[in-house]
Amino acid sequence: MPFGEIVSILLEGTWVTLKIVAFALPLAAIMAFTFGLLRMYAPKPIKYVSVAYIEFFRGTSALIQLYWIYFVLPFFGVSIDAMTAGVLAIGLNIGAYGTEVVRGAMQSVPKGQYEASVALNFTSSQRLWRILMPQALVNMIPPFGNLAIELVKATSLVSLITIADLTYRAKSLADMTLQVTEIFAVVLVLYFVIAQVLAFSFKGIEKRLSRGLGRGGLD
Amino acid sequence: MISFDWEWAFVLEILPMILSAAKVTLLATLLGSILAILVGLSFALLRRSKLVLLRVVTYWVVEFVRSTPLLVQIFFLYYVLPEFGISMSPLLTGVLALGLHYGAYLSEVFRSGIDGIEKGQWEAARALNLTTYDTYKDIVLPQAIRPMIPATGNYIIAMFKETPQLSAITLLEMLQVAKIIGSENFRYLEPFTLVGILYLVFSLVAAYGIHCIERRFPKEGFTLR
Amino acid sequence: MKQPLIEFKNVEKRFGDTVIFRDFNFSVEEGEIVSIIGPSGSGKSTLLRILMTLEGIEGGVVRVAGKPLWHKETDKGLVLADEKHLHEMRNHLGMVFQHFNLFPHMTVKRNITEAPMRVQGKTEIEANKIADELLELVGLSDKADMYPNSLSGGQKQRVGIARALAMQPAILLLDEITSALDPELVEEVLDVIRNLALKHSFTMLLVTHEMYFAREISDRVCFFDQGAIVEEGEPERLFIHPNEERTKAFLKAYMSQ
């Protein structure tokens, strides 16, 4: 098969991979913030629900979660297409790891900031959103950048539930042709480029935010 | 719709098969961790090399391995190595992929552990005229190992949780066996849930084990013989 | 009889097994300036932190402006207060911290206007007006648009004072406000407080290690040791003729530093 054709098939797969990333990344972010904050601040029963979600998704492996959602949920009457299952499993899995990032960053804000916000009589939601969160956000960006790369890598798992993403196409091309070395070299480079672009963007965000924390302005 | 009620009889029937597959999973993890530690240590030392080129190349190799999916790396080794006349069993291929992938992660742990040793310790070793080898063996590593244990342990647990991906190259580990059972009986609930629970249990036990290992190391470090 | 503005009655405070206060009694009249001195770990800062609702109490009652601070009065006696009550009570109090605790993500001006706008519902124009006046008072009008990180310690603390004053509290709590400063920056901060004491009729409660300052500014000085007031009185009397041995020892150790 001509090399150009291989590349064009792989680029189509890249598009599918990027689509999954585009849906799973916001889902992971929402889960991370929601359950990270609930775990820290919610009253007991809700707090335990959050802990259960976090421990379950961190304690078992992503592929098992994916299989569970894709193969087991239909037996509960929840029929789910492969794409949705992939986005859900990856978003929920990375989101659970993200809760720890949120928690760590919130705890890294000096205690004095909390005390000053009490002394100035802010309500508890003002304390959280106006004082603590803007400062914690800066510390969240680098670990979130790493998690975003983990998320991109995790999308390769959806190839195992027959979604024609980059990894899936690589494997089927490799089964059809003999040019396995070229195929996998291109695939690895494509993943690497996606990761580097993400890493670069997160560094940019971090720079902008931390400039706000010293001179620029965040609000 | 097929009913999904949990059947204990079915669980008891499949449990032995899954448990015997667990041996494969644990073996892959064990061999994978040993390899990862060796690879990680080598990368970490290469990153400290005097040759700039070596440092830069190592940096990008680590970066590359870390930012591409394990699954693709597994496929890469599985499909490409035979092209070069190296044929290995799925288990060995998997161990190699796990070891390389997590070796890249561990190299960062080891590097920052070594960097965490105060400058004064290096200077004192230099002042006592110790060789580089002795400096690492007697001064640096004994102090650096304890702080490295939690992160190393977490990566090994993370590796353990990624072993199901080896099913993609037909290794009969837990998840693959569960999947086969599921498709044969058209019941996925019990096998997948069982595997999930086993992973949870193994991870928790391992996390506790690492905690114990860390505590058993003296805070002051120790002397290698 | 006039009711004191601040009153501690049989207060008990513990951190785990460590008892800070037991059967502690203390009061401050309206308009009084009270300095608290004593060795570290004697409970001085804890007293201020209880008043600012940063630390709870295990027993007794603290009253501010006649109302229990940590409790609500009900038919069945005092019950532990909820956040709403604390929010109400905090309106009486303002605090300046040892480590400033300025908000790093806000300009100097925003540090001062944020609470008046968000908590007291002032308009931006009103809040800015207050901030401008206060910045002038603390001599930092030119720093309004800077971020805290680019200020010196003394300047930061002056912003801290302005920020607390912007809420117009009846009681100002000053918790070792010069302890974290380089010696040459202490005076610029103390001058602001001197100025305040002269021109306004604040009630001030200050924990300090600057004895000469306590002597100069206070109506009353309390010497704290091991969670109890060992001795209190007018500054001239307490500093020159202390009655208690422990006070004498403490002052002597301080002088010989």
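These figures come from a predicted structure and were not determined experimentally. Chain letters run A, B, ... following the sequence lines, proteins first, then strands; residues in each count from 1.
- To the nearest 0.5 Å, atoms OH (B:Tyr188) and CH2 (A:Trp68) are separated by 14.5 Å.
- Few gaps surround CZ on A:Phe202; more than 12 heavy atoms of other groups in view lie less than 6.0 Å from it.
- At a 4.5 Å heavy-atom cutoff, A:Ile194 makes no contact with chain B through either its backbone or its side chain.
- When the shell of 6.0 Å around OH of A:Tyr114 is examined, it contains 12 or fewer heavy atoms from other residues, nucleotides or ligands.
- Note: A:Phe184 and B:Phe75 have tilted aromatic rings, judged against thresholds of 30 and 60 degrees for the angle between ring planes.
- Within the model, atoms CD1 of A:Ile149 and CD of B:Glu63 stand 7.0 Å from one another, a figure rounded to the nearest 0.5 Å.
- Between chain A and the residues B:Leu70, B:Leu204, B:Thr193, the most heavy-atom pairs under 4.5 angstrom are made by B:Thr193.
- With a 4.5 Å cut-off on non-hydrogen atoms, B:Ser167 touches chain A through its side chain but not through its backbone.
- Annotation: the span from A:Leu160 atom CG to B:Leu71 atom CG amounts to 5.0 Å, rounded to 0.5 Å.
- For A:Thr155, no part lies near chain B; criterion is any non-hydrogen pair under 4.5 Å.
- Atom CH2 of A:Trp15 is surrounded by 12 or fewer heavy atoms from other residues, nucleotides or ligands within 6.0 Å.
- With a 4.5 Å cut-off on non-hydrogen atoms, B:Leu200 touches chain A through its backbone and its side chain both.
- Note on ring orientation: taking the six-membered ring where Trp is involved, the planes of A:Phe75 and B:Phe186 are perpendicular (angle over 60°, cut-offs 30° and 60°).
- For chain A, the nearby parts of B:Gln165 are the backbone and the side chain; heavy atoms of each come within less than 4.5 Å.
- Atom CZ of B:Arg215 has 12 or fewer neighbouring heavy atoms from other residues, nucleotides or ligands inside a 6.0 Å radius.
- Heavy atoms from other residues, nucleotides or ligands lying under 6.0 Å from CZ of A:Phe23 number 12 at most.
- Here NZ of A:Lys153 is found 7.0 Å from CD of B:Glu162. Values are rounded to the nearest 0.5 Å.
- Among all heavy-atom pairs drawn from B:Lys161 and A:Ser61, the shortest one is O-CB, 2.6 Å.
- Within the 4.5 Å cutoff, the side chain of B:Gln73 has heavy atoms near those of the A:Leu188 side chain.
- Of all the heavy atoms in B:Val72 and A:Tyr191, the pair that sits closest is CG2-CE1, 3.6 Å.
- Contact tally against chain A (heavy-atom pairs below 4.5 Å) for B:Thr163, B:Val80, B:Val195: the top residue is B:Val80.
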Handout entry: side-chain contact (heavy atoms from CB on, under 4.5 Å) between A:Phe76 and B:Leu189, worked out
Key = CA-CA 9 Å; A:Phe76 285 76; B:Leu189 173 65; 3.8 Å; yes
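- No part of A:Gln65 comes within reach of chain B, as not one of its non-hydrogen atoms sits under 4.5 angstrom from that chain.
- Contacts between A:Tyr97 and chain B at a heavy-atom distance below 4.5 Å involve the side chain alone, from C-beta outward.
- Top candidate by heavy-atom pairs under 4.5 Å with chain B, chosen from A:Ser79, A:Ser156, A:Ala154, A:Ala62, is A:Ser156.
- The aromatic rings of A:Phe71 and B:Phe192 sit tilted, their planes meeting at an angle between 30° and 60°.
- Listed here is the closest heavy atom pair of B:Ser203 and A:Gly59: OG-O, 3.1 Å.
- The contact between B:Phe84 and chain A is made entirely by side chain atoms (from C-beta outward), counting heavy-atom distances below 4.5 Å.
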Exercise for the section: Please test A:Val180 against B:Phe76 for side-chain contact (heavy atoms from CB on, under 4.5 Å), starting from the C-alpha separation and ending with a verdict. Expected result: CA-CA 8 Å; A:Val180 288; B:Phe76 180 85; over 6 Å; no
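- Chain B forms the most heavy-atom pairs under 4.5 Å with one residue out of A:Ala174, A:Ala170, A:Ala199, and that residue is A:Ala174.
- The CZ atom of A:Arg58 sits 10.0 Å away from the CD1 atom of B:Ile157 when rounded to the nearest 0.5 Å.
- B:Leu54 CG: more than 12 foreign heavy atoms inside a 6.0 Å radius.
- No other option in A:Leu198, A:Asp175, A:Leu190, A:Leu73 has as many heavy-atom pairs under 4.5 Å with chain B as A:Asp175.
- Rounding to the nearest 0.5 Å places OG1 of A:Thr60 at 14.0 Å from CZ of B:Phe202.
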